[in-house]
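Okay, structure first, notes after.
Proteins get letters first, then strands, A, B, ... in listed order; numbering begins at 1 in each. These values consider heavy atoms only, across backbone and side chains, with no hydrogens, waters or symmetry-generated copies.
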Amino acid sequence: MATPAQLGLQNATSPIMEELIAFHDHALMIIFLVSSLVLYTISLMLTTKLTHTSTMNAQEIETIWTILPALILITIALPSLRILYMTDEFNKPYLTLKAIGHQWYWSYEYSDYEDLYFDSYIMPTYFLEPGEFRLLEVDNRTTLPMEADIRMLITSQDVLHSWAVPSLGVKTDAIPGRLNQAMLASMRPGLFYGQCSEICGSNHSFMPIVLEFIYFQDFEVWAS
Amino acid sequence: MDCPTYRTVTTMASEVLAKPQMRGLLARRLRIHMVGAFLVSLGVAALYKFAVAEPRKKAYADFYKNYSPEKDFEEMKKAGIFRSIK
């Protein structure tokens with residue numbers, strides 16, 4: 001989960017999120033490069049009285065400042081597309097989990113197991129135990145096996161929602177009448193928090209997601 | 001009546017002052033600073049890459065080099081954070 005005054009991305013728990021963090025660093029490096037160039041140019045223009053009022057054309061610089069931005073964009077696009085196709089890779093999943101968005105809670109269905117489905121409502125603040133996080137805890141956590149590929153099928157029962165867990169690099173829209181697929185994989189055990197990421201009414205900010213990743217043997221015991 | 005005329009005579013020294021640069025001042029400034037601007041922006045990018053991006057990649061690699069998910073899991077289980085395992 002995010003800590004107070006956090007500016008950067010949360011620590012990665014899945015391989016995809018590690019790739020996304022590296023890509024974010026790459027894109028931000030290019031942003032700083034272009035911004036510093038523009039800032040330098042602006043300060044240059046503001047600190048001189050020299051003028052040149054008879055410029056007619058400047059073919060050489062026009063060519064440079066067309067080709068250079070195109071090259072910069074290609075430098076950004078290539079790793080971006082690589083990660084995009086990586087997120088669509090389908091590795092035989094260990095488990096399929098359905099997440100259904102409602103106003104204003106999530107429900108989960110483990111169709112691979114018999115009779116395993118539950119609703120997940122936000123834990124009201126007055127029910128929190130010491131050490132628990134306000135507006136992030138839920139009554140029934142989504143338990144999943146770690147180090148396993150999990151297929152998420154995300155949909156909604158009413159309006160648009162979005163199932164997002166930043167640490168895993170997942171954000172998938174929950175659209176009524178549509179099933180969106182996402183792949184999850186956690187490299188570590190623990191608790192990972194997320195929140196609804198598509199405006200869905202008055203309690204949009206109060207339908208969090210909590211994933212509890214445990215060993216698959218313990219998961220099998222829990223699921224049965 | 002003839003009025004006396006006064007004029008100031010400047011005696012020229014033997015060396016001649018060099019003619020100052022009159023044209024192309026802006027072009028010269030732009031030429032110098034274009035190189036400077038690219039160097040500064042590439043420097044900023046290199047600074048970000050080697051001060052932030054590469055250390056972050058190394059931090060992830062170092063974390064996972066000796067990471068034991070079993071040990072982490074047992075510690076979390078002992079701390080009682082999991083609700084699905086009693």
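Within the 4.5 Å cutoff, side-chain heavy atoms of I61(A) are placed close to those of M34(B). The shortest side-chain heavy-atom distance between V34(A) and S41(B) does not fall under the 4.5 Å cut-off.
A salt bridge links R83(B) to E132(A): at least one charged side-chain nitrogen sits closer than 4.0 Å to a carboxylate oxygen.
In terms of heavy atoms, Y40(A) sits closest to A37(B) at CD2-CB, 3.5 Å. Scanning all heavy atoms of the two residues, the minimum distance from L26(B) to T51(A) falls at CD2-C, 3.7 Å. When all heavy atoms are compared, the tightest approach of P69(B) to M146(A) is CB-CE, 3.3 Å. In terms of heavy-atom proximity, R29(B) sits nearest to L44(A) at NH2-O, 2.7 Å.
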Under the salt bridge (Lys or Arg N to Asp or Glu O under 4.0 Å) criterion, do K57(B) and E19(A) qualify, and how do the steps go? CA-CA 10 Å; K57(B) 278 190 204 154; E19(A) 293 284 343; over 6 Å; no
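Interface check for chain B: of the options I30(A), V38(A), T47(A), the most heavy-atom pairs under 4.5 Å are formed by T47(A). For the set A46(B), A53(B), A27(B), G43(B), the count of heavy-atom pairs under 4.5 angstrom toward chain A peaks at A53(B). Contacts with chain B were tallied for L39(A), I31(A), T48(A), I21(A); T48(A) has the most, counting heavy-atom pairs under 4.5 Å. By number of non-hydrogen pairs under 4.5 angstrom with chain B, the leading residue of S35(A), A22(A), G190(A), G131(A) is G190(A). Among V221(A), N11(A), D25(A), L191(A), the residue with the largest count of heavy-atom pairs under 4.5 Å with chain B is D25(A).
At most 12 heavy atoms of other shown residues, nucleotides or ligands fall within 6.0 angstrom of atom CZ in F216(A). The 12-atom threshold is not exceeded at CG of L17(B), counting heavy atoms of other residues, nucleotides or ligands nearer than 6.0 Å. The environment of Q6(A) atom CD is dense: over 12 non-hydrogen atoms of other residues, nucleotides or ligands sit within 6.0 angstrom. For I67(A), the CD1 atom is loosely surrounded, since the number of other residues' heavy atoms within 6.0 Å does not exceed 12.
How far CZ of R188(A) is from OH of Y64(B): 4.5 Å, rounded to the nearest 0.5 Å. One finds the CG atom of D218(A) at 7.5 Å from the OG atom of S84(B) (value rounded to the nearest 0.5 Å). The structure places OG of S36(A) at 13.5 Å from OH of Y48(B), a figure rounded to the nearest 0.5 Å. Residue F50(B) holds its CZ atom at 9.0 Å from CE of M29(A), rounded to the nearest 0.5 Å. Note that CG of D72(B) and CE of M187(A) are 12.5 Å apart. Values are rounded to the nearest 0.5 Å. Remark: I85(B) CD1 to E212(A) CD distance equals 7.0 Å, nearest 0.5 Å.
In this structure, Y215(A) and F73(B) have perpendicular ring planes: the angle between them is above 60°, well past the 30° mark.
Within the 4.5 angstrom heavy-atom criterion, only side-chain atoms of R56(B), from C-beta onward, approach chain A. F82(B) touches chain A through backbone and side chain together, each having a heavy atom under 4.5 Å away. Heavy atoms of F213(A) lying under 4.5 Å from chain B belong exclusively to its backbone. With a 4.5 Å cut-off on non-hydrogen atoms, L68(A) touches chain B through its side chain but not through its backbone.
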